[in-house]
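Taking it in order: structure first as structure tokens, then the write-up.
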Amino acid sequence: MSADRPPLRLPEPVAWLLAQLAAAGHAAYVVGGCVRDSLLGRTPGDWDVCTSALPDETRAVFAGHKLILTGLKHGTVTVVLQGRPYEITTFRVEGGYTDHRHPDAVRFVPRVEDDLARRDFTVNAMAWSPDTGLVDCFGGRADLAAGVIRCVGRPDARFAEDALRILRAVRFAAQLDLAVDPDTAAAAERLRDTVQNVSAERIFAELDRLLQSPAAGRVLAQYGGILAGAIPEIAPCIGCGQQGRWHCFDVWQHTAAAVGAVGQENAPGALRTLRWTMLLHDMAKPLCRTVGPDGAAHFPGHNQRGARLADSILRRLKAPNALRQEVASLVAVHDGPLPPDDPAALRLLARRGEGWLAKLCAVKRADLDAHAQNEAVAARRAEVDAFEARMHALARTGCYTLARLKVGGGDALAAGIRPGPAVGDALHALLEAVMDGRLPNDREVLLAALRTQAEAD
Ligand code: ATP
Ligand code: MG
């Protein structure tokens, strides 16, 4: 195959779909993300097909197969093969965008080139078929090789049509580790406030994908001015000075570095919580900034205020409740002291659980990794590591739940504790004593303590 005909490896059902459409006399290509990902050597998530066939013609070609027709209005017929849906969309162009988001109308067109012209970025505007090879009218392949996200056409016009593209630009940059072309980035920043026309759910989904991407930290550092369109609270963090003994970055650059310091190897759920936590952990700093007599910036109360701000931002973005609550709880204590001793650690284990405490340690490490690197910071990091090791040991063997206490309700009744709430009270009192180290978690000792308690009542 020649250089402009890269051999895409189509899954067998996709090759079959293209062949069926071609046999019926229609032009048909795989298009968009699957072409981009194939050229990058990545496995595409889904394979989209575009065709010159009108929706009714597509239906006729695949009559007898399971079809989903919910996208018909936009020209999409979904064919289900071996239980998997494949979208086949008629070449189309879009009418005006009065709401900065949804096209007012779509029009079907006969040429693939016109369909590619409506797509957002050059790297997403390529089509491929076994017959023609790559159709790349806008230099998508060169941009992919150069590592650039660039709008198809004039960036201002494309972002004015659909403000979601502003977030998609930075999300793809983070996901694929690309730069945003300077003209595209400048237009995105100029038009950033139009992102507020996008639904909260879509804004959240784009930010969520961006944050969980490998290049999230770099993209935040580079494109904070664009992201402030999605979360306006970012704007005052940019340039908010805090450099001194602890910090070498302003609040936003520190935030970006802290997001990047959360390792991609975390399990997906933890990665999500940790990246959102680092994004939001210092967002209240501009609201709390004071300058001390030494000329250094201080941020009294930024933990608690940050937790409230994180909660309200995630509410506004309609984030899942569990994520919102966990992030806010971590922001609230991200900069606070660690439990000083075993009793305090056991109480926190009882209240929050091992998983939450492990996340808190990861938050503290990511935060410190984004500080000035000096002995004081290294010492704090070593404290976090030591605490985490001790915390995991306590979680394995320590007694911080009633289930681990060596006596139970039956023992309490046998010892003469009155049936009813007194049983729970007695067991909780023993658990407190064990966590404090006043009593060992030893069955004989605890039975004796229950008898003493029963006599006293
Ligand atoms: P992924 O699914 O991995 O996020 P993708 O490129 O497949 O990446 P989709 O959102 O599935 O992205 O969209 C499929 C294609 O449709 C894109 O590649 C692009 O060509 C086009 N597209 C999607 N959203 C827009 C948009 N808002 N404006 C213009 N074109 C778009
Ligand atoms: Mg896709």
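The residues of the chain are indexed from 1 along the displayed sequence. The figures that follow rest on heavy atoms only: side chains count, while hydrogens, waters and symmetry mates do not. Just so you know, ligand 1 is whichever comes first in the structure, and atom 1 is the first atom listed for that ligand.
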- Message: Check this for me, if you would: do R84 and D46 make a salt bridge, where the nitrogen-to-carboxylate-oxygen distance has to be below 4.0 angstrom?
- Response: no
- Keeping the roles fixed (side chain from R165, backbone from R158), state whether a donor-acceptor pair exists under 3.5 Å. yes
- Task: Validate the cation-pi geometry between K318 and F204: distance from NZ or CZ to the six-membered ring centre under 6.0 Å, angle to the ring axis within 45°.
- Result: no
- Short N-O contact, R316 and E233, less than 4.0 angstrom: yes
- Tell me whether the centres of the aromatic rings in H302 and H281 are closer together than 6.0 Å. no
- Task: Write down, by chain and number, every protein residue that brings a non-hydrogen atom to less than 4.0 Å from an atom of ligand 1.
- Result: G32, G33, R36, D48, R118, R119, D120, N124, D162, R165, R168, R171, F172, R209
- In terms of ring plane angle, is the pair H254 and H371 parallel, tilted or perpendicular, where the classes change at 30° and 60°? perpendicular
